[in-house]
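Notes follow the structure.
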Amino acid sequence: MPHFVLSDIASAIDIQKGAVVSRVIFRDDRTEITVFGFDAGEGLSEHQASRAAIVQILKGGLELIADGEQFDAEPGFLLHMEPGTAHSLTAREPTVMLLTLVDSG
C-alpha cells in the first residue's frame, strides 16, 4: 500500500484510569508511529530513543523534560529530538500523544 490514512488519531486509543497505554498505528522499515494515552499523573521516566523522535500532543496536556529543558506541552505542541536525547514526561490531565520514531539512514 503506497499510503496510510487515519482520519482521527486521538480516537485510536482509549485513556485508562491510572495507566499509560499505547498502540502502534503504523510501522515500516524506517518509521514507527505510536499513539499514547496517559491518565492524569501518569508518565514515562527518563529514557532515550535510539532513533530521532517527534512528539506531538493531540489532546490534554503534559510536562515534558528534554535534555534538561522543561516544556508545558498542550495540543498543537511538537518537539523533535535527536537520537539519544534524554527525556521524561508526566500528564497534567488525561492526554493523547503521538510519537513518531524515524531511522536516520
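We use all heavy atoms of the structure for the numbers below, so side chains are in, but hydrogens, waters and symmetry mates are not. Keep in mind the model is a prediction, meaning the values are calculated, not measured.
Using a distance-only test at 3.5 Å, with no hydrogens or angles considered, no donor-acceptor pair links the side chain of S11 to the main chain of I9. Looking only at distances, no side-chain donor or acceptor of T34 sits under 3.5 Å from a matching main-chain atom of R23. Proximity of a side-chain donor or acceptor of R27 to a complementary backbone N or O of I33 within less than 3.5 Å is not detected. Between the H80 side chain and the L78 main chain, no donor and acceptor come within less than 3.5 Å of each other.
Within 6.0 Å of the CG atom in D28, the count of heavy atoms belonging to other residues, nucleotides or ligands exceeds 12.
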L79 and I54: CA distance, side-chain angles, deciding distance, side-chain contact (heavy atoms from CB on, under 4.5 Å) verdict = CA-CA 6 Å; L79 173 68; I54 301 166; over 6 Å; no

Give the C-alpha distance, both sets of side-chain angles, the deciding distance and a yes or no for side-chain contact (heavy atoms from CB on, under 4.5 Å) between I13 and F36.
-> CA-CA 7 Å; I13 198 95; F36 282 84; over 6 Å; no

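The shortest heavy-atom contact between A12 and I25 is CB-CG2, 4.2 Å.
Between E32 and F26, the closest side-chain pair of non-hydrogen atoms is not below 4.5 Å. The closest side-chain heavy-atom distance from T31 to L101 is not below 4.5 Å. Taking the side chain as every heavy atom from C-beta outward, E63 and Q70 approach each other to under 4.5 Å. Side-chain contact check for L44 versus S88: every heavy-atom pair is 4.5 Å or farther apart.
One hydrophobic cluster, built from ILVMFWY side chains closer than 4.5 Å, holds both F77 and L99.
Using a cut-off of 4.0 Å between Lys/Arg side-chain N and Asp/Glu carboxylate O, R51 and D103 are scored as salt-bridged.
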